[in-house]
A.B. asks: 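My questions will all concern the structure given below.
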Amino acid sequence: MPSRTTAEVIDLFNRAFVTHAPEILDDLVADDCVMEAVQPAPDGERVEGGEACLAFWRALADDRATQFSPENVTVAGDRATIRWRYRYGDGPADSVRGVNLMRIRDGLIVEALGYSKTDGVLS
């Protein structure tokens with residue numbers, strides 16, 4: 001089976017969070033994946049290894065009290081930029097905007113660096 005394109009991987013990745021379907025992530029993460037979460041400031045939590053990254057993302061995708069909305073996705077070769085909004089409450093201020101810088105190899109996520117417009121801890 002041919003590997004997925006970067007755009008296909010990113011589309012599936014985003015869909016997992018938008019639809020709260022963590023099982024979509026199962027075949028998208030490389031064994032040597034590294035990610036950096038947006039929290040805690042200033043550097044974010046570094047997660048290494050496919051299983052650890054998958055566990056982190058599955059928990060986030062499964063959280064039905066939140067809502068993830070991609071605002072813009074740009075793909076260039078093996079890299080993608082996802083600009084997003086993450087809502088964690090019902091109020092107008094209960095959200096944060098951010099960006100993920102992604103790298104894909106052989107149809108799998110190998111790097112995901114997250115940055116957000118916050119300086120505190122998300123509720």
Side-chain angles (χ1 to χ4, degrees):
M1 175 171 111
S3 67
R4 293 179 181 108
T5 66
T6 300
E8 290 168 333
V9 171
I10 297 304
D11 180 59
L12 288 166
F13 181 79
N14 286 338
R15 191 176 317 158
F17 296 99
V18 169
T19 64
H20 299 285
E23 65 279 0
I24 293 174
L25 299 165
D26 290 350
D27 296 323
L28 298 181
V29 183
D31 290 339
D32 59 343
C33 185
V34 174
M35 65 154 289
E36 291 179 2
V38 298
Q39 292 291 330
D43 297 324
E45 176 184 357
R46 184 173 173 87
V47 180
E48 297 183 9
E51 287 185 28
C53 291
L54 183 58
F56 183 98
W57 284 325
R58 281 183 65 92
L60 193 60
D62 199 35
D63 183 357
R64 294 186 179 276
T66 64
Q67 180 184 11
F68 174 80
S69 301
E71 294 181 338
N72 182 271
V73 176
T74 303
V75 175
D78 67 342
R79 298 188 182 265
T81 302
I82 306 166
R83 196 175 71 219
W84 45 261
R85 181 174 298 274
Y86 181 75
R87 296 189 185 284
Y88 49 87
D90 294 330
D94 294 337
S95 73
V96 62
R97 291 179 75 207
V99 65
N100 278 25
L101 306 177
M102 311 289 288
R103 189 165 56 91
I104 309 302
R105 183 185 66 229
D106 299 326
L108 298 172
I109 299 166
V110 293
E111 184 177 61
L113 307 175
Y115 302 91
S116 71
K117 292 186 176 222
T118 67
D119 61 352
V121 176
L122 299 177
S123 300

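Note that these values count all heavy atoms, side chains included, but never hydrogens, waters or copies made by symmetry.
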A.B. asks: Spell out, yes or no, whether F56 and L101 are grouped together once hydrophobic residues are joined by side-chain heavy atoms under 4.5 Å, including indirect joins.
C.D. replies: no
A.B. asks: Grab the two heavy atoms, one from V29 and one from C53, that are nearest each other, plus how far apart they are.
C.D. replies: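 Smallest interatomic distance, heavy atoms only, reads CG1-CB, 4.2 Å.
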A.B. asks: Quick check against the 3.5 Å criterion: does T6 have a side-chain atom that pairs as donor or acceptor with the backbone of R79?
C.D. replies: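 No, because the side chain of T6 does not come within donor-acceptor range (under 3.5 Å) of the backbone of R79.
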A.B. asks: Do L113 and V9 share a hydrophobic cluster (ILVMFWY, side-chain heavy atoms under 4.5 Å, transitive)?
C.D. replies: no
A.B. asks: Side chains of I10 and I104: does their closest heavy-atom pair fall under 4.5 Å?
C.D. replies: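 In short, these two side chains touch, coming nearer than 4.5 Å.
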A.B. asks: Would you say M35 ends up clustered with V99 if hydrophobic residues are merged whenever their side chains have heavy atoms under 4.5 Å apart, either directly or through other cluster members?
C.D. replies: no
A.B. asks: More than 12 heavy atoms of other residues, nucleotides or ligands under 6.0 Å from CG of N72: yes or no?
C.D. replies: yes
A.B. asks: Mind checking whether D43 and E36 have side chains closer than 4.5 Å, heavy atoms only?
C.D. replies: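 Not in contact.
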A.B. asks: Could you state the interatomic distance from CD (E111) to CZ (R103), rounded to the nearest 0.5 Å?
C.D. replies: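 Answer rounded to 0.5 Å: 5.0 Å.
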A.B. asks: Tell me whether V18 is reachable from I109 by hopping between hydrophobic residues (I, L, V, M, F, W, Y) whose side-chain heavy atoms are closer than 4.5 Å.
C.D. replies: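 I109 clusters together with V18.
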A.B. asks: Hey, does the side chain of H20 reach the backbone of A61 with a donor-acceptor pair shorter than 3.5 angstrom?
C.D. replies: yes
A.B. asks: Could you check R58 against D26 for side-chain contact (heavy atoms from CB on, under 4.5 Å), going step by step and ending with a plain yes or no?
C.D. replies: CA-CA 9 Å; R58 281 183 65 92; D26 290 350; 2.6 Å; yes
A.B. asks: Grab the two heavy atoms, one from V110 and one from A30, that are nearest each other, plus how far apart they are.
C.D. replies: CG1-CB, 3.6 Å
A.B. asks: Answer yes or no: does atom CD of E48 have more than 12 heavy-atom neighbours from other residues, nucleotides or ligands under 6.0 Å?
C.D. replies: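 More than 12 heavy atoms, drawn from other residues, nucleotides or ligands, come within 6.0 Å of this atom.
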A.B. asks: Working to the nearest 0.5 Å, report the span between OH of Y86 and OG of S95.
C.D. replies: 11.5 Å
A.B. asks: Step by step, would you call W57 with L28 a side-chain contact (heavy atoms from CB on, under 4.5 Å)?
C.D. replies: CA-CA 11 Å; W57 284 325; L28 298 181; over 6 Å; no
A.B. asks: Linking I/L/V/M/F/W/Y whenever their side-chain heavy atoms sit closer than 4.5 Å, directly or via other members, would V47 and M102 fall into one cluster?
C.D. replies: yes
A.B. asks: Would you call the rings of W84 and F68 parallel, tilted or perpendicular if under 30° counts as parallel and over 60° as perpendicular?
C.D. replies: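 Because their plane-to-plane angle lies in the 30° to 60° range, the rings of W84 and F68 count as tilted.
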A.B. asks: Between F17 and F13, what is the ring plane arrangement, given parallel below 30°, perpendicular above 60°, and tilted in between?
C.D. replies: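 Ring orientation of F17 relative to F13: perpendicular.
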A.B. asks: Do V38 and V96 have side-chain heavy atoms sitting under 4.5 Å apart?
C.D. replies: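 No, side chains not in contact.
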